[in-house]
Amino acid sequence: MSLERTFAHYKDLDQPILRSFFSTRADNCAPNLLGKMLVRRYQGETLAGIITETEAYQGEEDLGCHAKAGRTMRTAVMYGPPGHAYIYFTYGMHWLFNVVCDEVNQPAAVLIRAIEPVAGLNLIRKFRPQPQFKRQELVSHGWTDGPAKLCQALSINGEMNGIDLCDPSSDLWIADAGREVHDSEIIRTGRIGLNRVPEPWRSIPWRYQLTTTTG
DNA sequence: AGCACGATGCTCT
DNA sequence: GAGCATCGTGCTT
């Protein structure tokens, strides 16, 4: 079955989620974002995928959050209004995409860690680097099953840092158009990659994953 | 299926 | 100068 074929059936695809959706704590927004549609407009084409994995980063007290160092050049967007994109560069080569949450001056964001692509698959595959030795991944899920992978796949980079995801004229937004998600479908674990972060922040279960994804 | 490693440059101390 | 909210490769079970 082709997910792309059913793409036309998704409702409200062109309508961004209201800002009020993001006006709460990140650990409240993060599970609620599962099943929503991440949509990217690129040169007239539409690329989209259902959000399947998120992580919450909440406040200066969260020692896993970039805002632990306070307000800096990099973290400024997180202190701004909710519904904006916080995109940063890491490990010398990767971009990571977050959605700013909570109120102004209350730094918080949800990292989008994985999506299941449903539209623009040809472009998505083209944007992914071609493996040099390994065989090209055959399952489309493998093109967007990591936070840096999905940024490559949707051509998201630092140029889009700070943009308003709730503005209909933006080329990146989130739509209430994926699928319904029940609590029983959500796995909660500690966040990935926080190896030097002290407890309880290192293990706090702020990573949210859908159990039922194609693979 | 799982671990170790290197690539590579920005941010904060 | 240390440490990264990662990924692909290659080697080991």
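Because the structure is a prediction, the values reported are computed rather than measured. Quick note: numbers below take in every heavy atom, side chains included, and nothing from hydrogens, waters or symmetry partners. Here is the naming used below: chain letters follow the sequence lines, and residue numbers restart at 1 for every chain.
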Holding to salt bridge (charged side-chain N to carboxylate O under 4.0 Å, His left out), I want the full list of residues that pass it with A/R19, two or more places apart in sequence or in another chain.
A/D164
Separation of C/dA5 P from A/L194 CG (nearest whole Å):
7 Å
Distance from A/L165 atom CG to A/M160 atom CE, nearest 0.5 Å?
8.5 Å
Check whether any side-chain heavy atom of A/F22 sits under 4.5 Å from a side-chain heavy atom of A/I17, and report yes or no.
yes
Would you jot down, in residue-number order, the residues of residues 93-106 of chain A having a non-hydrogen atom under 4.0 Å from DNA chain B?
A/M93
Note, DNA chain C 5' to 3' with Watson-Crick or G-U pairs under 3.5 Å encoded as ( ), [ ], | and . gives ||||.|||||||.
Side chain to side chain, A/R25 and A/C101, heavy atoms closer than 4.5 Å:
no
Using heavy atoms and a sub-4.0 Å distance, could you list which residues of residues 24-32 of chain A are near DNA chain B? By number, please.
none
Once you round it to whole Å, what is the distance between P of C/dG8 and CH2 of A/W143?
13 Å
Set out, in order, the CA-CA distance, both residues' side-chain angles and the distance that settles salt bridge (charged side-chain N to carboxylate O under 4.0 Å, His left out) for A/E185 and A/R179, then state yes or no.
CA-CA 12 Å; A/E185 300 177 82; A/R179 65 175 176 88; 3.1 Å; yes
Taking only distance into account, with no hydrogens and no angle test, what donor-acceptor pairs under 3.5 Å do side-chain atoms of residues 84-100 of chain A form with protein atoms, sequence neighbours excluded?
unit_1, atom_1, unit_2, atom_2, d
A/H84, ND1, A/G162, O, 3.0
A/Y86, OH, A/H66, ND1, 2.7
A/N98, ND2, A/Y86, O, 3.1

Can you tell me how far CD1 of A/I115 sits from CG of A/L150, rounded to the nearest 0.5 angstrom?
5.5 Å
Euclidean distance, atom CH2 of residue A/W206 to atom C1' of C/dA5 [Å, nearest integer]:
14 Å
Protein-nucleotide distance (A/R196, atom CZ; C/dG1, atom P), rounded to Å
19 Å
Just to confirm, is there a sub-4.0 Å distance from OP1 or OP2 of B/dT11 to any side-chain nitrogen or oxygen of A/H66?
no
A/R128 side chain: which of C/dC7, B/dT13, C/dA5 is closest?
C/dC7
Would you please name every residue forming a side-chain hydrogen bond (donor to acceptor under 3.5 Å, both in side chains) with A/D171, sequence neighbours left out?
none
Gap between atom CG of A/L63 and atom CD of A/E199 - 0.5 Å precision:
10.5 Å
Out of C/dA5, C/dG8, C/dC7, whichever nucleotide has its closest atom nearest the side chain of A/L111:
C/dA5
Determine which pairs satisfy salt bridge (charged side-chain N to carboxylate O under 4.0 Å, His left out) with at least one residue from residues 46-60 of chain A, sequence neighbours left out, and list them in order.
A/E53-A/R113, A/E53-A/R207, A/E55-A/R113
Distance-only check: which donor-acceptor pairs under 3.5 Å involve side-chain atoms of residues 32-43 of chain A, not counting sequence neighbours?
unit_1, atom_1, unit_2, atom_2, d
A/N32, ND2, A/N28, O, 3.1
A/K36, NZ, A/N32, O, 3.4
A/R40, NE, A/L154, O, 2.8
A/R40, NE, A/S155, O, 3.4
A/R40, NH2, A/S155, O, 2.9

Specify the separation, in whole Å, of atom OH of A/Y208 and atom C1' of C/dA5.
15 Å
So does A/E159 have more than 12 non-hydrogen atoms from other groups sitting under 6.0 Å from CD?
no
Sequence neighbours excluded, which residues qualify as side-chain contact (heavy atoms from CB on, under 4.5 Å) partners of A/C65?
A/Y57, A/D62, A/A67, A/M78
Hey, does A/E116 have a side-chain heavy atom less than 4.5 Å from the side chain of A/T144?
no
Which part of the nucleic acid, if any, lies within contact of A/I192, taking any heavy atom under 4.0 Å across all strands shown: a base, the sugar-phosphate backbone alone, or nothing?
sugar-phosphate
Could you check which residues of residues 150-165 of chain A get a heavy atom under 4.0 Å from DNA chain C? Sort them by number, please.
none
Within residues 70-91 of chain A, find the residues that approach DNA chain B with a heavy atom at under 4.0 Å, and present them sorted by residue number.
A/T72, A/R74, A/F89, A/Y91
So the ring-ring contact (aromatic ring centres under 6.0 Å, His included) pairs with at least one residue in residues 187-211 of chain A (sequence neighbours excluded) are none
Euclidean distance, atom CZ of residue A/R113 to atom P of C/dA5 [Å, nearest integer]:
11 Å
Nearest-angstrom distance from the residue atom CD of A/Q58 to P of C/dA5
17 Å
Kindly say if A/K68 contacts the phosphate of B/dC12, meaning a side-chain N or O under 4.0 Å from OP1 or OP2.
no
Kindly compute the distance separating OG1 (A/T54) from CG (A/L210), expressed to the nearest 0.5 Å.
8.5 Å
Atom pair CD1/CG of A/I204 and A/D27 - distance to nearest 0.5 Å:
7.0 Å
